[in-house]
Protein chains: 2
Amino acid sequence: MRRHSFDLVDYQILRELQADARKPAAEIARKFNLNERTVRNRIERMVEAGAIRLTCIVDPAFFGYVITADIFLEVELEHEQAVITALLAMPEVSYLAFGQGTQDLSIEVRFKNNEQLREFLRSVLPSIPGVHVKGYALVPRILRNIDEWMPPVEEFAEE
Amino acid sequence: MRRHSFDLVDYQILRELQADARKPAAEIARKFNLNERTVRNRIERMVEAGAIRLTCIVDPAFFGYVITADIFLEVELEHEQAVITALLAMPEVSYLAFGQGTQDLSIEVRFKNNEQLREFLRSVLPSIPGVHVKGYALVPRILRNIDEWMPPVEEFAEE
DNA sequence: GCTGAAAATTATGCATT
DNA sequence: AATGCATAATTTTCAGC
C-alpha cells in the first residue's frame, strides 16, 4: 500500500543523517553492520528519488533575527504572481504558503527587533501592489519545525 | 555591530552546503580557491557555534503526506506542558509554536488524506486534556520553508 | 586562524552474484 | 540490489607559521 520502497535500513540511515548530514557512510555502515557501499547506495537513492534533501539549516536567532511573526495577507488575483516573486526575494520571509481562501497567503517573517517588524507591516508590505495585510501575530517561540519531521517508522516496515 | 564573526567566505561555504550538505570540503575549497583545511575549519566552527545545522530534510509529500493544515489551539495553562509533550510525540505534527496569547498554540500537521485530518480534529485533539481547537485552515501549498532561509548577505560583509 | 605533508579513512568505478 | 576489490579522493593528525 506504500508508494515507496524504503525499508528499516533506510530509516536507520535517515536518522543518522538527520543528526549529521556529513556522517561518513562507512561510519553508518559500521554502526548497523551494513556494507559501506550499501549505505552510500541507499543515501543516493533517497536523494535521487526526492524523498530527502541533505542541506544546511541556518538558525535565524544566531544571526540576531529573534523576532518571528506570522502575517496573513490577501492578494488581488492579478497581482498574485508578482507578489509571490517579491516576497520570495525578501530574506526576511522564512515561510510562504497559500492559504485556504483563493486570495490568501500566509507568511512567517524574521526580524532583529520589533521596529523592523513594524516597518515591514506599515510600509514594506502595503507598498507592494495588490497586497492587503489582514492580520498578524507574534510567534514567541517555535518548538518544532519541518526540519525535524519524519514519517512514522511504520512507513518503513518490511513488506 | 554584528554578534557573530562570520565573513563572506563562510557565506559562500554556507550556500554550497545548502545545496548539498555532503559536498566534500576539498571540492568547495577548489571552487573558491581556498585551502581545504580552511573550509573544514569554517564548517566546524559554524556548526559548533550553533549558527548552522547539517541535516536531512524529509519530504512529507514523497511519503504520501499530501494534506497540510494549520491548527490553532488554546490550552489550559495547567495542562500546557503535557499537551506540548503529547503533540511533539506525534509524527503528524510538523510545526509547533507558541501563539501570541498566553494560552495559544499553533501547529501544522501532515496527513495522507482529509479523513485522517478530520479524525485528528474531531477525536485526537479534543481527547487531549486541556486542549481546545479554536480553528484550522488547509494549506494548499507551501512555497518556502525555514530550510531555505538565509540571512541577507550583508550580514557577512567584511568588517 | 591559516597552511603543508604524511597517514588514515572514505568514496568511486567496475565487475560479480 | 548488494558486495568485493583496486584505485582515486578526501579527511585527519600533527606540525609550523
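FYI, side chains are in, hydrogens and waters are out, and symmetry mates aren't considered; it's all heavy atoms of this structure. Below, chain A is the first sequence line, B the second, and so on; all start at residue 1.
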Rounded to whole Å, please give me the gap between CD in B:Glu44 and C1' in C:dC2.
14 Å
Does A:Arg45 place a side-chain N or O at less than 4.0 Å from the phosphate oxygens OP1/OP2 of D:dA2?
yes
Quick one: A:Glu36 CD to D:dA6 C1', roughly how many Å, whole number?
13 Å
Any Lys/Arg nitrogen of A:Arg40 or A:Glu36 sitting under 4.0 Å from an Asp/Glu carboxylate oxygen of the other?
yes
Can you tell which of D:dT10, C:dA11, C:dT3 lies closest to the side chain of B:Arg30?
D:dT10
Using a 4.0 Å heavy-atom cut-off, does B:Arg40 contact any base of the nucleic acid, only the sugar-phosphate backbone, or nothing at all?
base
What is the separation between atom CG on A:Asn41 and atom P on C:dT16, rounded to the nearest whole Å?
18 Å
Could you check A:Phe63, A:Tyr65, A:Phe120, A:Tyr136 and say which one makes a ring pair (Phe, Tyr, Trp, His ring centres under 6.0 Å) with A:Phe111?
A:Phe120
Counting heavy atoms from C-beta on, name the nucleotide in D:dG4, C:dT10, D:dT11 closest to the side chain of A:Asn35.
D:dG4
Quick check: any donor-acceptor pair below 3.5 Å linking the side-chain of B:Arg37 to the base of D:dT10?
no
Side-chain N,O (A:Arg42) to OP1/OP2 (D:dA2) below 4.0 Å
yes
I'd like to know if the side chain of B:Arg144 and the backbone of A:Ala97 have a donor-acceptor N/O pair within less than 3.5 Å.
no
I'd like to know if the side chain of A:Gln103 pairs up with that of A:His132 as donor and acceptor (distance under 3.5 Å, no hydrogens or angles considered).
no
To the nearest angstrom, the CZ-P distance between B:Arg22 and C:dT9 comes to 18 Å
Rounding to a whole Å, what distance do you find between A:Met46:CE and D:dA1:P?
12 Å
When rounded to whole Å, the CG to P distance for the pair B:Asp20 and C:dA11 reads 12 Å
Nearest-Å distance for atom pair NZ/P, residues B:Lys23 and D:dT11
13 Å
Looking only at side-chain N and O atoms, does A:Thr38 come under 4.0 Å of OP1 or OP2 in D:dA1?
no
Taking 4.0 angstrom as the limit, do B:Asp104 and B:Lys134 come out as a salt bridge?
no
Value in whole Å for how far the C1' atom of C:dT12 lies from CD of B:Glu27:
13 Å
